[in-house]
Structures are given as structure tokens and as C-alpha cells.
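Below is one structure, written out as C-alpha cells; comments come after it.
Below, all heavy atoms of this structure are taken into account, side chains as well, without hydrogens, waters or symmetry copies.
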Amino acid sequence: QVQLVESGGGLVQAGGSLRLSCAASGTIFSIDTMGWYRQAPGKQRELVATITTGKMTNYGDSVKGRFTISRDNAKNTVYLQMNSLKPEDTAVYYCNARLLGGISRVFALYWGQGTQVTVSS
């Protein structure tokens with residue numbers, strides 16, 4: 001089986017920073033793109049950032065210049081450094097990974113369980 005486990009969420013004041021981590025574990029043969037998404041109450045899930053195996057990145061407009069995504073391919077882990085946090089960044093943050101693993105013989109998209117980030121004003 002394959003699991004994605006996020007960590008690093010919590011409560012922070014506006015202007016502060018947090019670093020999220022997401023580790024993929026289990027029977028994994030290859031990981032393609034990894035990413036972070038978020039969902040605030042009453043809103044649709046939205047893109048935060050993605051990163052390819054070759055470390056090409058893409059960011060949602062609302063986080064450009066404040067958030068940085070990175071990954072450690074040897075550890076099957078993706079990170080999200082969040083700086084200059086705003087109350088509107090409050091959401092559940094989910095990581096995902098397109099990977100080949102488990103009993104599947106094709107690449108599939110896996111999601112973590114989510115971690116809460118709350119930014120107080």
C-alpha cells in the first residue's frame with residue numbers, strides 16, 4: 001500500500017511562517033509530480049504549488065512570491081515553505097503525488113489526509 005502523510009500544520013500569526021512536509025511511503029517504484037492543494041471552509045480545493053521530478057515548479061497566483069515548494073527525491077518527500085502568511089491562507093492543506101506503486105501497474109494520483117493551517121490576524 002501507498003500512503004502520503006503530511007505534517008507541520010498549526011496555528012500562526014499573520015506575517016509568520018510554517019513549513020509543511022509530506023512523505024510518501026509503502027511500495028513505491030517511481031514518483032512523478034508532487035503537489036500541494038488547499039481547501040478553505042465553503043470553498044473549492046485550489047492549487048497551491050506543484051513540482052516535477054526535475055524540480056520544475058508551478059504556483060497558484062495567491063501564493064506566488066510567498067510560498068516555496070521543494071522535494072527530496074531520495075526521501076520521497078515534498079515540502080512547502082510558507083512565509084508572510086495571511087488569514088486568507090487558512091485552510092486544510094493536502095499533498096498529492098502521481099506515482100507508480102502498490103499493486104497498480106500504472107501511475108495513479110494519491111492524496112494525503114490533510115493538515116490544518118490557521119493564520120490569525
Side-chain angles (χ1 to χ4, degrees):
Q1 299 299 326
V2 174
Q3 278 190 315
L4 299 183
V5 179
E6 300 107 335
S7 60
L11 174 64
V12 65
Q13 288 189 332
S17 299
L18 280 176
R19 188 189 193 213
L20 305 182
S21 300
C22 173
S25 63
T27 304
I28 298 171
F29 302 110
S30 179
I31 302 179
D32 188 4
T33 299
M34 304 183 81
W36 290 95
Y37 289 73
R38 67 187 184 187
Q39 187 165 19
K43 295 188 176 181
Q44 290 187 331
R45 191 172 296 190
E46 65 172 356
L47 167 71
V48 176
T50 61
I51 184 168
T52 68
T53 306
K55 302 190 179 179
M56 291 184 64
T57 59
N58 181 49
Y59 293 92
D61 288 341
S62 62
V63 306
K64 284 180 181 177
R66 299 188 297 123
F67 291 9
T68 302
I69 189 170
S70 61
R71 65 189 284 175
D72 184 332
N73 292 332
K75 296 182 178 179
N76 292 337
T77 299
V78 62
Y79 306 96
L80 185 69
Q81 178 66 43
M82 304 185 293
N83 298 330
S84 302
L85 282 160
K86 305 175 182 179
E88 50 263 44
D89 294 317
T90 296
V92 178
Y93 283 70
Y94 299 90
C95 72
N96 72 4
R98 183 174 177 272
L99 62 85
L100 180 65
I103 62 173
S104 176
R105 296 189 176 189
V106 298
F107 278 85
L109 189 64
Y110 291 81
W111 289 87
Q113 81 287 352
T115 186
Q116 177 70 46
V117 171
T118 302
V119 184
S120 63
S121 57

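Using a 4.5 Å heavy-atom cutoff, the side chains of Asn58 and Leu47 are in contact. At least one side-chain heavy atom of Arg38 sits under 4.5 Å from a side-chain heavy atom of Ser62. Looking at Thr53 and Asn73, their side chains come closer than 4.5 Å, going by heavy atoms from C-beta outward. Within the 4.5 Å cutoff, no side-chain heavy atoms of Tyr37 are placed close to those of Val92. With contacts defined as side-chain heavy-atom distances shorter than 4.5 Å, the pair Gln81/Ser17 qualifies. Considering only heavy atoms from C-beta on, Val117 stays 4.5 Å or farther from Asp89 through its side chain.
For the atom pair Ile51 CD1 and Thr33 OG1, the distance stands at 9.5 Å (nearest 0.5 Å). Here the OG atom belonging to Ser70 is positioned 8.0 Å from the NZ atom belonging to Lys55, to the nearest 0.5 angstrom. To the nearest 0.5 Å, atoms OG (Ser121) and NZ (Lys86) are separated by 14.0 Å. Interatomic distance, NZ of Lys64 versus OG1 of Thr57, reported as 10.0 Å (0.5 Å rounding). Here the OG atom belonging to Ser30 is positioned 8.0 Å from the CG atom belonging to Leu99, to the nearest 0.5 angstrom.
Between the Arg66 side chain and the Ser84 main chain, a donor and an acceptor come within less than 3.5 Å of each other. Using modelled atom types, no side-chain atom of Tyr59 and backbone atom of Gly65 make a donor-acceptor pair closer than 3.5 Å. For Arg71 (side chain) and Gly35 (main-chain N/O), no donor-acceptor pair under 3.5 Å exists by modelled atom type. In terms of modelled atom types and a separation under 3.5 Å, the side chain of Glu6 and the main chain of Cys22 share no donor-acceptor contact.
Other residues, nucleotides and ligands contribute over 12 non-hydrogen atoms within 6.0 Å of the CD atom of Gln39.
Placement of Met82 and Tyr94 in two distinct hydrophobic clusters is found when ILVMFWY residues are connected by side-chain heavy-atom separations under 4.5 Å, directly or transitively. Grouping the Ile, Leu, Val, Met, Phe, Trp and Tyr side chains by contacts below 4.5 angstrom, directly or via other members, places Tyr79 apart from Trp36.
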